[in-house]
Amino acid sequence: MKKFTLATLIIGAFILFSLLSNHTNVLALLPNSSNDPGSPAFSSTASSVPPASGASDTPNATSTANALYKDGTYTGMVADAQWGNVQVQVVIQHGKMTSVSFLQYPNERNRSVEINGYADPQLTSEAIQAQSATVDSVSGATDSSEAFMQSLTDALSQAQA
């Protein structure tokens, strides 16, 4: 009887832990409002940026003299991340990066979705803070991190002031 009680307590504790840890991860992710399975599921801003077709840009003529980048929306190249492609789009306002959105990311496997669920927000946040594509790789998401930097570097090269 003692073994059964102990086993029940251990299983109950494991279930409780699993439920609590899953809810923590769900709260950290902001899903995109799009129902398209090929669209990005994570964005660094609450408003979603509509994907542009091709590597187009919409520069604004009102960029300042000391700005890092020309205002507009720029789409980076598609970069291979081993388990899928990564492509980002950056929005520049007043010469600075204001948002970075994933147009493509590895999402064919549950593990890829999980990895990108925590890596993508970290990468976008760090890029906006640094105002650069040079960011630290996220542990466990090295391939996605490198592909992110490649695509963002391409987008930012289009936005050079």
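Starting from 1, each residue takes its place in the sequence as its number.
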Undergrad: Kindly write out the residues that satisfy side-chain hydrogen bond (donor to acceptor under 3.5 Å, both in side chains) with Ser151, not counting sequence neighbours, or none if the list is empty.
TA: none
Undergrad: What heavy-atom pair brings Leu156 and Ala133 nearest, and what distance separates the two atoms?
TA: CD1-N, 3.8 Å
Undergrad: Under a 4.5 Å cut-off applied to non-hydrogen side-chain atoms, are Gln93 and Ser99 in contact?
TA: no
Undergrad: In chain order, what residues pass the side chain to side chain contact (heavy atoms under 4.5 Å, CB included) check against Ser132, with sequence neighbours excluded?
TA: Ala130, Thr134
Undergrad: Whether the side chain of Ser125 engages the backbone of Pro121 through a donor-acceptor N/O pair (distance < 3.5 Å, no angle test) should be reported.
TA: no
Undergrad: Quick test of your reading: applying salt bridge (charged side-chain N to carboxylate O under 4.0 Å, His left out), list the pairs with at least one residue in residues 102-113, sequence neighbours left out, ordered by first then second residue.
TA: Arg111-Glu114
Undergrad: Contact between Leu103 and Val88 at the side-chain level, heavy atoms closer than 4.5 Å - yes or no?
TA: no
Undergrad: Please determine whether residues Val90 and Leu68 belong to a single hydrophobic cluster, defined as Ile, Leu, Val, Met, Phe, Trp and Tyr linked transitively by side-chain heavy-atom distances below 4.5 Å.
TA: yes
Undergrad: For the OG1 atom of Thr142 and the CD atom of Gln82, what is their distance to the nearest 0.5 Å?
TA: 10.5 Å
Undergrad: Sub-3.5 Å donor-acceptor pair from the side chain of Asp154 to the main-chain atoms of Met77, do we have one?
TA: yes
Undergrad: For residues 130-158, pull every pair meeting ring pair (Phe, Tyr, Trp, His ring centres under 6.0 Å), keeping only residues two or more places apart or in separate chains.
TA: Phe102-Phe148
Undergrad: Are Trp83 and Tyr118 joined in one hydrophobic group, where the rule is that I, L, V, M, F, W and Y side chains link up if heavy atoms are under 4.5 Å apart?
TA: no
Undergrad: Checking the side chain of Asp80 only, and the main-chain atoms of Asn85 only, is there a donor and an acceptor separated by less than 3.5 Å?
TA: no
Undergrad: Between Met97 and Val91, does a side-chain contact (heavy atoms from CB on, under 4.5 Å) hold up when you go through it step by step?
TA: CA-CA 6 Å; Met97 238 189 300; Val91 175; over 6 Å; no
Undergrad: Show which side-chain atoms of residues 2-9 pair as donor or acceptor with protein atoms under 3.5 Å away, not counting sequence neighbours.
TA:
unit_1	atom_1	unit_2	atom_2	d
Thr5	OG1	Met1	O	3.0
Thr8	OG1	Phe4	O	2.8

Undergrad: Quick one, Val86 with Val78, criterion side-chain contact (heavy atoms from CB on, under 4.5 Å). Give me CA distance, side-chain angles, the key distance, then yes/no.
TA: CA-CA 6 Å; Val86 171; Val78 176; over 6 Å; no
Undergrad: Quick test of your reading: applying salt bridge (charged side-chain N to carboxylate O under 4.0 Å, His left out), list the pairs with at least one residue in residues 121-150, sequence neighbours left out, ordered by first then second residue.
TA: none
Undergrad: Side chains of Gln89 and Thr75: do they bring a donor and an acceptor to under 3.5 Å?
TA: yes
Undergrad: Test your reading of the model: is there a side-chain donor-acceptor pair from Asn116 to the backbone of Pro106, 3.5 Å cut-off?
TA: yes
Undergrad: Between atom CD of Gln150 and atom CD of Gln87, what is the distance when rounded to the nearest 0.5 Å?
TA: 12.5 Å
Undergrad: Is a side-chain N or O of Gln131 found less than 3.5 angstrom from the main chain of Lys96, in a donor-acceptor match?
TA: no
Undergrad: Less than 4.5 Å apart, any side-chain heavy atom of Val138 and any of Leu123?
TA: yes
Undergrad: With rounding to the nearest 0.5 Å, note down the distance linking OH in Tyr74 to CD1 in Ile92.
TA: 7.0 Å
